[in-house]
*Asks:* 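There's a structure below that I have some questions on.
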Amino acid sequence: MKNLALIISILITALALQACGSSSKKTTEPTTTTGPTTPVTPEAIHHIQPENVAEYIDTFKRQFDALELQIDGVNYDISFVDIDQDDNLIFAKYDKGFLFFGFDFEENDPVAFIRVVESELEDINEALADANNYFFGKDISVSQDDNENAIYEGSISHPEKGDFPIRMTINESLIEGGTSTVEVSGTQALINGDLGSLTYVQISDLINDHPEVDTLLLQEISGSVNDAINMHTGRLVRNAMLTTMVEATSDINSGGVDLYAAGFRRVYTEGAKLGVHSWCCTDGKPANELGRDHEGHGAQLTFFREMLGNELGPEFYYFTIEAAPHNTVHVMTKAELDKYLLP
């Protein structure tokens, strides 16, 4: 679990960026632009070297497959929802509701605490508000295996329903994977959620399994929990010559805008919200405080040169990190969109 705290620190920024969805129903003619991949003149810099991406994704898949939640002998899928660093808690969703469990973010160690909330409600805050649905952890033990999995075992108890054995296995893929969904609809694929390693797998499978899809419709994306792999996801999109599109009600932020920039063609519909900001942090400083010559910008500059060109790419990148601090968001104006993403 040595990498989980790093993933979590990246995630905190992404989770803060969920802007309000647009309620506009105005229909306008979309604006389109075409952006072929531009050769990079300066030396290319990557957080994950291109030749190592396949191995990286294979490792993620193995870790993702190891995620496990078993209650009373029944296996359930588990997916990440949120974290609370102050109380050292990770929140997750499973087939019958939600659960939250302890994790010491400073020490990178699991904490012997787990609570399950059985609910049909989709909103976690509403589900947590009803204490009658709580199953309380009893005699929870925690351990870590040689594959960096954290294992929680014990039982959960409900005052009326009784006690049930529980076993859960987690690792960094729970958070690193993101929460993205990809839904095929005709020649479009609808993209929602937080982008991460899972998104790379989904887009790769989409390209291989659905040749009829030529457009990614980006709808609600709060950001990326793993910028290193998100840039390679963008390269998948560009190399497949896929169009990226936002509709009037789209609300995409941070890494979602990076994915939009990767489109071979980009289609914008009036009313869509595209939010940008600085990222945090390297050497204890957010990107906008590093200075433009800092090596920490290298991977992003490489990416945007590839997507937008040797001049416009860096211009757009520096615009994004200077437009808003890492803990807030700047919604791009139409003039800014026309200048950087729809030239």
Side-chain angles (χ1 to χ4, degrees), residues 1 4 7-8 11 15 57 59-84 87-104 109-145 147-183 192-202 205 222 225-226:
M1 303 294 288
L4 186 56
I7 297 294
I8 287 170
L11 178 68
L15 294 177
I57 291 299
T59 299
F60 165 75
K61 287 180 177 179
R62 288 195 298 271
Q63 291 180 326
F64 193 75
D65 288 343
L67 296 177
E68 176 191 48
L69 175 64
Q70 186 180 95
I71 301 176
D72 198 25
V74 179
N75 291 318
Y76 298 97
D77 291 332
I78 182 174
S79 59
F80 174 78
V81 175
D82 203 350
I83 62 171
D84 183 340
D87 291 332
N88 284 326
L89 293 172
I90 298 177
F91 294 82
K93 182 178 177 61
Y94 81 112
D95 304 55
K96 297 180 69 175
F98 301 91
L99 67 154
F100 52 103
F101 51 93
F103 192 88
D104 188 323
D109 288 326
V111 176
F113 172 88
I114 192 168
R115 194 161 293 177
V116 175
V117 184
E118 194 172 277
S119 176
E120 295 182 357
L121 297 171
E122 291 294 324
D123 186 285
I124 187 172
N125 294 313
E126 294 179 3
L128 295 177
D130 188 354
N132 293 324
N133 295 328
Y134 279 44
F135 290 74
F136 298 89
K138 290 177 57 178
D139 301 322
I140 301 297
S141 66
V142 295
S143 60
Q144 298 187 62
D145 64 18
N147 295 317
E148 297 188 5
N149 294 310
I151 302 167
Y152 297 68
E153 292 185 279
S155 62
I156 54 173
S157 178
H158 188 278
E160 297 177 358
K161 299 179 180 179
D163 294 0
F164 305 92
I166 187 170
R167 174 186 169 90
M168 181 178 67
T169 302
I170 67 160
N171 53 54
E172 66 190 69
S173 73
L174 177 66
I175 297 176
E176 177 196 339
T179 62
S180 60
T181 61
V182 177
E183 178 185 349
N192 289 277
D194 297 320
L195 307 178
S197 297
L198 181 61
T199 317
Y200 184 97
V201 176
Q202 291 168 331
D205 289 346
S222 60
V225 300
N226 186 346

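Remember, it's a predicted structure, so these values are computed and weren't measured experimentally. Note that the numbering runs from 1 along the sequence shown for the chain.
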*Asks:* CG of Asn149 to CD of Glu68: how many Å apart, nearest 0.5 Å?
*Replies:*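 Between atom CG of Asn149 and atom CD of Glu68 there are 9.5 Å.
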
*Asks:* List the atom of Ala66, the atom of Asn171, and the distance in Å for their closest heavy-atom pair.
*Replies:*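 Minimum heavy-atom separation between Ala66 and Asn171: CB-ND2, 3.9 Å.
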
*Asks:* Any side-chain heavy-atom pair from Val117 and Tyr134 closer than 4.5 angstrom?
*Replies:*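 They are in side-chain contact.
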
*Asks:* Can you find a heavy atom in the side chain of Ser180 that is under 4.5 Å from one in the side chain of Asn192?
*Replies:*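 Ser180 vs Asn192: side chains apart.
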
*Asks:* Evaluate the ring planes of His158 and Phe135, with Trp represented by its six-membered ring, and classify them as parallel (under 30°), tilted (30 to 60°) or perpendicular (over 60°).
*Replies:*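 Tilted, since the angle between the ring planes falls between 30° and 60°.
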
*Asks:* Ignoring hydrogens, what is the shortest heavy-atom contact between Phe101 and Ala92? Give both atom names and the distance.
*Replies:*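 Looking at all heavy atoms of both residues, the shortest contact is CE2-CB, 4.3 Å.
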
*Asks:* Please lay out, stage by stage, how Phe64 and Val201 fare under the test side chain to side chain contact (heavy atoms under 4.5 Å, CB included).
*Replies:* CA-CA 11 Å; Phe64 193 75; Val201 176; over 6 Å; no

*Asks:* Quick one: pull up CD1 in Ile114 and OG in Ser155 and give me the separation to the nearest 0.5 Å.
*Replies:*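 The CD1 atom of Ile114 sits 10.5 Å away from the OG atom of Ser155.
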
*Asks:* Should the pair Tyr94 and Tyr76 be assigned to parallel (<30°), tilted (30 to 60°) or perpendicular (>60°) ring geometry?
*Replies:*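 Perpendicular, since the angle between the ring planes exceeds 60°.
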
*Asks:* Say you draw a straight line from OG of Ser79 to CG of Asp95; how long is it, rounded to the nearest 0.5 Å?
*Replies:*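 Between atom OG of Ser79 and atom CG of Asp95 there are 9.0 Å.
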
*Asks:* Taking all atoms of both residues into account, what is the closest heavy-atom pair of Pro110 and Ser143, and its distance?
*Replies:*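 Scanning both residues completely, I find the closest heavy atoms to be CG-O, 4.4 Å.
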
*Asks:* If I take atom OG from residue Ser173 and atom CD from residue Glu148, how far apart are they, to the nearest 0.5 angstrom?
*Replies:*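 Going from OG on Ser173 over to CD on Glu148, the span is 11.5 Å.
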
*Asks:* State, yes or no, whether a side-chain contact exists between Ile166 and Leu69 at a heavy-atom distance under 4.5 Å.
*Replies:*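 Contact flag for Ile166/Leu69 side chains = yes.
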
*Asks:* Check the surroundings of atom CG in Asp77: do more than 12 heavy atoms from other residues, nucleotides or ligands lie under 6.0 Å from it?
*Replies:*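 No, not enclosed.
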
*Asks:* So, do Phe91 and Asp84 sit near enough that their side-chain heavy atoms are less than 4.5 Å apart?
*Replies:*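 Yes - at least one pair of side-chain heavy atoms lies under 4.5 Å apart.
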
*Asks:* Does Thr179 reach the main-chain N or O of Asp194 with its side chain, forming a donor-acceptor pair under 3.5 Å?
*Replies:*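 Yes, the answer is positive, given that a donor and an acceptor are paired below the 3.5 Å cut-off.
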
*Asks:* Looking only at heavy atoms, what is the nearest atom pair of Phe103 and Tyr152, with distance?
*Replies:*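 Taking Phe103 first and Tyr152 second, the nearest heavy atoms are CD1-OH, 4.0 Å.
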
*Asks:* Measure the shortest side-chain to side-chain distance between Gln70 and Glu153 over non-hydrogen atoms and say whether it is less than 4.5 angstrom.
*Replies:*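 No, every pair of side-chain atoms sits at 4.5 Å or beyond.
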
*Asks:* Quick one: which of Val225, Ile170, Leu67, Leu174 gives a side chain to side chain contact (heavy atoms under 4.5 Å, CB included) with Phe80?
*Replies:*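 Of Val225, Ile170, Leu67, Leu174, side chain to side chain contact (heavy atoms under 4.5 Å, CB included) with Phe80 is met by Leu174 alone.
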
*Asks:* Going from CD1 on Ile78 to OG1 on Thr169, what distance comes out if it is rounded to the nearest 0.5 angstrom?
*Replies:*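 Result: 9.5 Å between the selected atoms.
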
*Asks:* So which atom in Met168 and which in Leu99 form the shortest heavy-atom distance, rounded to 0.1 Å?
*Replies:*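 Heavy-atom minimum between the residues: SD-CD1, 3.5 Å.
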
*Asks:* How many angstroms lie between CZ in Phe136 and CG in Asp163, if you round to the nearest 0.5 Å?
*Replies:*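 Rounded to the nearest 0.5 Å, the CZ-CG separation comes to 12.0 Å.
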
*Asks:* With side chains defined as the heavy atoms from C-beta onward, is the minimum distance between Leu128 and Phe100 less than 4.5 Å?
*Replies:*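 Heavy-atom side-chain distance check passes, below 4.5 Å.
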
*Asks:* Below 4.5 Å, heavy atoms only, C-beta onward: do Val111 and Val142 meet side chain to side chain?
*Replies:*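 In short, these two side chains do not touch, never coming nearer than 4.5 Å.
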
*Asks:* Do Arg62 and Asn147 come within less than 4.5 Å of each other through their side chains, counting heavy atoms only?
*Replies:*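 Heavy-atom side-chain distance check fails, nothing below 4.5 Å.
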
*Asks:* Step by step, would you call Asp109 with Gln144 a side-chain hydrogen bond (donor to acceptor under 3.5 Å, both in side chains)?
*Replies:* CA-CA 9 Å; Asp109 288 326; Gln144 298 187 62; 3.3 Å; yes

